[in-house]
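Below, all heavy atoms of this structure are taken into account, side chains as well, without hydrogens, waters or symmetry copies.
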Amino acid sequence: MPASIRGEVHDLLAVAVARKTAAFLDCPSCGSAHVAQVLGDNGGISYVCTACGHSWS
């Protein structure tokens, strides 16, 4: 494989890893990563921890 393609693939993988880790949320109450995104009462976005039940927006 040519060196230029290896460099490009490496750069794309680094971006994919950064995007994947940036998308995770932790519960501010217990620190669990088991968080669900839910639709709020007025159409806003809220989050619920499925481990402890804490909810926030």
Side-chain angles (χ1 to χ4, degrees):
M1 185 181 290
S4 62
I5 292 174
R6 275 194 222 142
E8 189 171 335
V9 169
H10 179 69
D11 292 344
L12 290 174
L13 289 175
V15 169
V17 168
R19 284 186 182 172
K20 184 175 180 181
T21 57
F24 289 120
L25 290 173
D26 292 335
C27 174
S29 181
C30 72
S32 173
H34 297 278
V35 175
Q37 185 177 6
V38 294
L39 189 60
D41 292 338
N42 295 325
I45 301 297
S46 296
Y47 304 94
V48 175
C49 176
T50 59
C52 73
H54 178 75
S55 63
W56 69 100
S57 52

Nearest heavy atoms of Val48 and Ser55, plus distance in Å = CG2-CB, 3.9 Å
Which heavy atom in Thr50 sits nearest to a heavy atom in Ala36, and how many Å separate them?
-> CG2-CB, 4.2 Å
Rounded to the nearest 0.5 Å, what's the gap from OG on Ser57 to CD1 on Ile45? Could you check?
-> 10.0 Å
Is there side-chain contact between Tyr47 and Cys27, with at least one heavy-atom pair below 4.5 Å?
-> no
Residues two or more places apart in sequence or in another chain: which of them pass side-chain contact (heavy atoms from CB on, under 4.5 Å) with Ser32?
-> Cys30, His34, Cys49, Ala51
